[in-house]
Amino acid sequence: MFKRIAHVCLDVKDLQRSIDYYSKLGFKTKFQFTRKGQDFGVYLEIAENNYIEIFENKDLGPVINNGLKHFCLEADDLDLVMKNLTAQGVDFTEKKLGCDNTWQIWLKDPDGNAFEVHQYTATSAQQKGQVVEADW
């Protein structure tokens with residue numbers, strides 16, 4: 001019935017600041033939204049047909065995750081991602097092997113939206129389909 005998650009949508013206080021941040025991660029602007037001739041949103045492409053949609057909301061308060069906890073980006077080489085993030089001056093957590101046997105790091109965008117970047121291993125639960133005892 002469904003093919004994939006097409007996009008995740010975020011509200012941000014400063015559209016250009018967020019575009020600059022996600023551009024450091026290699027995201028490319030696919031198209032922009034305007035309202036009354038002013039930019040107020042953007043579709044940022046992560047990979048072919050995978051996007052983050054961002055809309056500016058200058059009245060946005062602190063990020064409170066009541067349901068959608070985070071989003072996750074998949075990488076083929078997490079060490080290379082970490083090297084590129086370091087070169088761009090982007091903060092991230094230490095690399096760790098999760099209880100699902102998948103390598104992961106965590107980031108927060110300028111508005112505090114948390115997201116994960118992970119790399120599957122040969123024994124990742126996502127590949128093997130097994131029961132995982134949560135360690136958090």
Side-chain angles (χ1 to χ4, degrees):
M1 183 183 332
F2 302 108
K3 189 171 181 178
R4 72 177 59 112
I5 294 174
H7 69 267
V8 174
C9 183
L10 302 173
D11 272 348
V12 301
K13 283 187 178 185
D14 183 320
L15 181 63
Q16 190 58 54
R17 177 181 72 174
S18 293
I19 291 170
D20 292 345
Y21 175 82
Y22 285 104
S23 293
K24 289 180 183 178
L25 306 183
F27 293 35
K28 306 285 187 229
T29 298
K30 187 71 174 188
F31 67 89
Q32 294 174 279
F33 292 93
T34 60
R35 181 180 286 149
K36 298 179 182 176
Q38 299 294 314
D39 289 342
F40 86 103
V42 66
Y43 240 59
L44 298 174
E45 189 170 44
I46 303 163
E48 185 178 351
N49 295 318
N50 286 268
Y51 307 96
I52 292 180
E53 181 180 37
I54 297 174
F55 289 105
E56 186 171 78
N57 176 355
K58 294 191 182 291
D59 297 325
L60 183 68
V63 173
I64 300 171
N65 294 326
N66 288 325
L68 178 62
K69 193 168 182 92
H70 70 273
F71 62 90
C72 180
L73 306 174
E74 180 185 343
D76 289 328
D77 185 341
L78 194 53
D79 292 323
L80 181 58
V81 169
M82 293 165 49
K83 181 180 175 184
N84 289 338
L85 292 174
T86 298
Q88 291 293 328
V90 176
D91 292 331
F92 56 92
T93 64
E94 289 187 35
K95 177 180 165 183
K96 78 170 202 167
L97 190 63
C99 61
D100 58 358
N101 289 318
T102 300
W103 288 108
Q104 61 182 257
I105 61 172
W106 288 81
L107 298 87
K108 284 191 177 178
D109 76 6
D111 289 286
N113 294 297
F115 62 100
E116 176 183 1
V117 179
H118 76 200
Q119 176 185 338
Y120 295 126
T121 67
T123 59
S124 290
Q126 294 90 336
Q127 307 294 332
K128 298 291 225 176
Q130 61 200 46
V131 174
V132 174
E133 179 67 22
D135 61 0
W136 69 91

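Note: hydrogens, waters and symmetry copies are ignored here, and every other heavy atom, side chains too, is used.
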Check the hydrophobic clustering (I, L, V, M, F, W, Y; side-chain heavy atoms under 4.5 Å; chains of links allowed) and say if F55 and F115 are grouped together.
no
According to a hydrophobic-cluster definition based on side-chain heavy atoms being under 4.5 Å apart (Ile, Leu, Val, Met, Phe, Trp, Tyr only), do Y51 and F31 belong together?
yes
Indicate yes or no: at least one non-hydrogen side-chain atom of L85 is less than 4.5 angstrom from one of L107.
yes
Just how far is it from atom OH of Y21 to atom CG of N113, taken to the nearest 0.5 Å?
9.5 Å
Partners passing side chain to side chain donor-acceptor pair (under 3.5 Å) against T123 (at least two apart in sequence or in another chain)
T121
Distance check, rounded to the nearest 0.5 Å: D109 atom CG versus I52 atom CD1?
8.0 Å
Do D20 side-chain atoms and S18 backbone N/O form a donor-acceptor pair below 3.5 Å?
no
Atom CG of D14 and atom CG of L60: how far apart are they, to the nearest 0.5 Å?
11.5 Å
Which value, rounded to the nearest 0.5 Å, describes the distance between E74 atom CD and E116 atom CD?
11.0 Å
Report the C-alpha distance between L73 and F27 in whole Å, list the side-chain angles of each, state the deciding distance to 0.1 Å, and finish with yes or no for side chain to side chain contact (heavy atoms under 4.5 Å, CB included).
CA-CA 12 Å; L73 306 174; F27 293 35; 3.6 Å; yes
Can you measure from CD1 (I105) to CG (L78) and round to the nearest 0.5 angstrom?
5.0 Å
Please table the atom pairs, donor to acceptor, closer than 3.5 Å between any side-chain atom in residues 33-45 and protein atoms at least two apart or in another chain.
unit_1: D39; atom_1: OD2; unit_2: Q32; atom_2: NE2; d: 3.3
unit_1: Y43; atom_1: OH; unit_2: H7; atom_2: ND1; d: 2.8
unit_1: E45; atom_1: OE2; unit_2: N49; atom_2: N; d: 3.4

Which atom pairs, donor and acceptor, lie under 3.5 Å between side-chain atoms of residues 90-101 and protein residues at least two apart or in another chain?
unit_1: T93; atom_1: OG1; unit_2: W106; atom_2: N; d: 2.9
unit_1: K95; atom_1: NZ; unit_2: D79; atom_2: OD1; d: 2.9
unit_1: K95; atom_1: NZ; unit_2: D79; atom_2: OD2; d: 3.3
unit_1: D100; atom_1: OD1; unit_2: T102; atom_2: N; d: 3.2
unit_1: D100; atom_1: OD2; unit_2: Q126; atom_2: NE2; d: 2.9

Which pair of heavy atoms, one from D111 and one from R17, lies closest together, and at what distance?
OD1-NH2, 2.9 Å
On a heavy-atom basis, which atom in E56 and which in K13 lie closest, and how many Å separate them?
CG-O, 3.5 Å
What closest approach, in Å, do K128 and A122 show between heavy atoms, and which atom pair accounts for it?
CE-O, 3.7 Å
Is there side-chain contact between Y22 and L10, with heavy atoms separated by less than 4.5 Å?
yes
